[in-house]
Asker: 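Mind looking over this structure? Questions follow.
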Amino acid sequence: YIIKDGISALTYASSIVKRIIHNKNIKILVVDDSKSFVNKTIDLLKRYKIIGLCAYDGEEAYSVLKENSDVKIVLTDYLMPKMDGLELTKKIRRDYSKDELSIIVTSNDTNKKIPAKFLKYGANDFLYKGFSNEEFFARINSNIEVLELFDEIKNKANKDYLTGLFNRRYLFDVGNKIYEDCKINDKIFAIAIIDIDNFKNINDTYGHDVGDMALKEVSKILNKEIMSNALISRLGGEEFCICFYNRTEKDIDGLLENIRKKFENNIINYNNKEIKYTISIGYSFRFGKNIDSMINNADKYLYFAKNEGRNRVRK
Ligand code: GH3
Ligand code: MG
Ligand code: MG
Ligand code: MG
């Protein structure tokens with residue numbers, strides 16, 4: 001498949017998405033004051049292995065939604081007691097954007113102004129009651145496709161293509177938020193910079209592909225060793241950054257030393273050759289002006305680690 005422009009790239013992405021929809025546990029919240037409509041719809045969804053949750057007015061729907069963060073679509077009636085579909089749509093859109101949650105409206109009301117009103121308030125789709133099963137699933141599917149497409153695009157924007165780790169952009173965006181939160185709430189926050197030792201030699205000796213393999217190996221080891229409370233990213237080249245939050249200093253000291261050892265003892269087999277490499281780590285706990293200054297600080301310790309002979313951890 002040749003991707004020539006943005007449009008065909010999106011079409012291509014959507015064709016991939018289509019294939020995965022039916023393997024996922026999609027949750028849809030069905031909101032209607034008619035119990036029989038809710039039951040009928042939930043039975044219909046079951047045929048496609050979609051899990052249907054129910055609510056009988058807008059207020060109930062809103063609280064069900066708050067308790068179920070994995071709901072992807074809200075299918076709501078217009079006229080209901082307590083809170084109608086329009087109010088519900090407005091309320092939902094204050095908390096959830098269209099890339100997180102889709103709203104489909106179903107109504108008997110033939111007033112021509114209603115659908116436009118809903119769409120303006122942030123609904124994604126409008127279905128007149130009495131719809132066919134085929135139309136129902138076509139609409140559900142197209143809404144799921146859009147959500148999956150958003151996920152795909154967000155993933156591409158935030159992740160490094162080679163290693164699958166978060167990229168620099170994501171680090172500065174989300175890492176800064178974690179940093180601020182830790183600083184305000186007096187929680188421990190640390191930045192560690194990991195740099196492969198003599199990486200240029202790997203490229204020069206074995207070729208760029210093996211270099212790439214070594215970079216992917218870093219992602220594998222880091223993901224395996226660091227289970228929680230950390231944001232792991234690739235800063236660029238053969239440099240990686242880890243933000244640790246809400247962990248003890250001792251725990252981080254031990255973990256980083258352990259990671260260094262893992263690389264020291266790791267062997268990559270390639271074309272009957274054994275490739276080994278080590279890493280150096282510089283890290284810091286001291287809060288700076290912002291995350292950038294903390295990275296600079298960790299970088300300073302990385303420089304010490306390199307100067308002292310590489311394959312070591314410095315803070
Ligand atoms: P040091 O121990 O001082 O860190 O030495 P080094 O050789 O690791 O560092 P240097 O900065 O001299 O070389 C980094 C090399 O990383 C140079 C560059 O070609 C290579 N590189 C950067 N990005 C990639 C990549 O995506 N794939 C591969 N294979 N190599 C890359
Ligand atoms: Mg109703
Ligand atoms: Mg480097
Ligand atoms: Mg290096």
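Remember, it's 1-based here, ligands and their atoms both numbered in the order they're listed.
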Asker: Show which atoms of ligand 1 fall inside a sub-4.0 Å distance from at least one heavy-atom site of G211.
Answerer: 29 (N)
Asker: Of all the heavy-atom pairs spanning R168 and L235, show the shortest one and how long it is.
Answerer: NH1-O, 3.0 Å
Asker: How is the N/O/S atom of D77 that comes nearest to the Mg ion (ligand 2) named?
Answerer: OD2
Asker: Could you please spell out the steps behind the side chain to side chain contact (heavy atoms under 4.5 Å, CB included) verdict for I140 and I28?
Answerer: CA-CA 9 Å; I140 296 282; I28 297 186; 3.7 Å; yes
Asker: Tell me, which protein residue and heavy-atom name are nearest atom 1 (P) of ligand 1, and how many Å apart are they?
Answerer: K306 NZ, 3.4 Å
Asker: Taking the six-membered ring where the residue is Trp, are the ring centres of F137 and Y48 under 6.0 Å apart?
Answerer: yes
Asker: Excluding waters, how many protein N/O/S atoms sit closer than 2.8 Å to the Mg ion (ligand 4)?
Answerer: 3
Asker: Between D212 and ligand 1, find which residue part has any heavy-atom pair under 4.0 Å and reply side chain, backbone, both or neither.
Answerer: both
Asker: Taking the N/O/S atoms of D33 one by one, which is nearest to the Mg ion (ligand 2)?
Answerer: OD1
Asker: Name the closest protein heavy atom to atom 5 (O) of ligand 1, giving the residue it belongs to and the distance to 0.1 Å.
Answerer: N198 N, 3.6 Å
Asker: Would you mind checking if K90 and E87 are paired as a salt bridge, meaning a charged N to carboxylate O distance below 4.0 Å?
Answerer: yes
Asker: Are Y179 and Y245 close enough that their ring centers fall under 6.0 Å?
Answerer: no
Asker: State the atoms of ligand 1, each with its element, that fall below the 4.0 Å cut-off from a heavy-atom position in R310.
Answerer: 1 (P), 2 (O), 3 (O)
Asker: Report the nearest protein non-hydrogen atom to atom 20 (C) of ligand 1: residue, atom name, distance rounded to 0.1 Å.
Answerer: N203 ND2, 3.5 Å
Asker: Determine whether any protein heavy atom is located less than 4.0 Å from atom 10 (P) of ligand 1.
Answerer: no
Asker: What's the shortest distance from atom 22 (C) of ligand 1 to any protein heavy atom, and which residue and atom give it?
Answerer: G237 CA, 3.5 Å
Asker: Please verify whether a non-hydrogen atom of R234 lies at under 4.0 Å from ligand 1.
Answerer: yes
Asker: Could you check, using the six-membered ring where one of them is a Trp, whether F172 and Y170 have ring centers closer than 6.0 angstrom?
Answerer: no
Asker: Sort and list the pairs that fulfil side chain to side chain donor-acceptor pair (under 3.5 Å) and have at least one residue in residues 207-218, not counting sequence neighbours.
Answerer: E217-N266
Asker: Please find the pair of heavy atoms, one from R139 and one from I104, that lie closest to each other, and give the distance.
Answerer: O-CD1, 4.4 Å
Asker: Is a salt bridge present between K129 and D32, judged by a nitrogen-to-oxygen distance below 4.0 Å?
Answerer: yes
Asker: Taking both backbone and side-chain atoms of F199, is any N or O found less than 3.5 Å from an N or O belonging to ligand 1?
Answerer: yes
Asker: So which protein heavy atom does atom 12 (O) of ligand 1 come closest to, and at what separation?
Answerer: K200 CD, 4.0 Å
Asker: Do the side chains of E239 and R234 get close enough for a salt bridge, i.e. N-O under 4.0 angstrom?
Answerer: no
Asker: Under 3.5 Å, N or O to N or O, is N201 touching ligand 1 that way?
Answerer: no
Asker: Taking 4.0 angstrom as the limit, do K40 and D43 come out as a salt bridge?
Answerer: no
Asker: Got an N/O contact under 3.5 Å between I196 and ligand 1?
Answerer: yes
Asker: Quick one: CG on N297 to CG on D292, what's the gap to the nearest 0.5 Å?
Answerer: 12.5 Å
Asker: Given side chain to side chain contact (heavy atoms under 4.5 Å, CB included), test K306 with D195 step by step and report yes or no.
Answerer: CA-CA 9 Å; K306 294 278 182 188; D195 187 290; 2.9 Å; yes
Asker: Walk me through whether F244 and F285 qualify under ring-ring contact (aromatic ring centres under 6.0 Å, His included).
Answerer: CA-CA 9 Å; F244 289 105; F285 292 92; 8.4 Å; no
Asker: List ligand 1 atoms under 4.0 Å from D195, heavy atoms only on the residue side.
Answerer: 4 (O)
Asker: Identify, by atom number and element, the atoms of ligand 1 in contact range of L215, meaning under 4.0 Å from any of its heavy atoms.
Answerer: 25 (C), 26 (O), 27 (N)
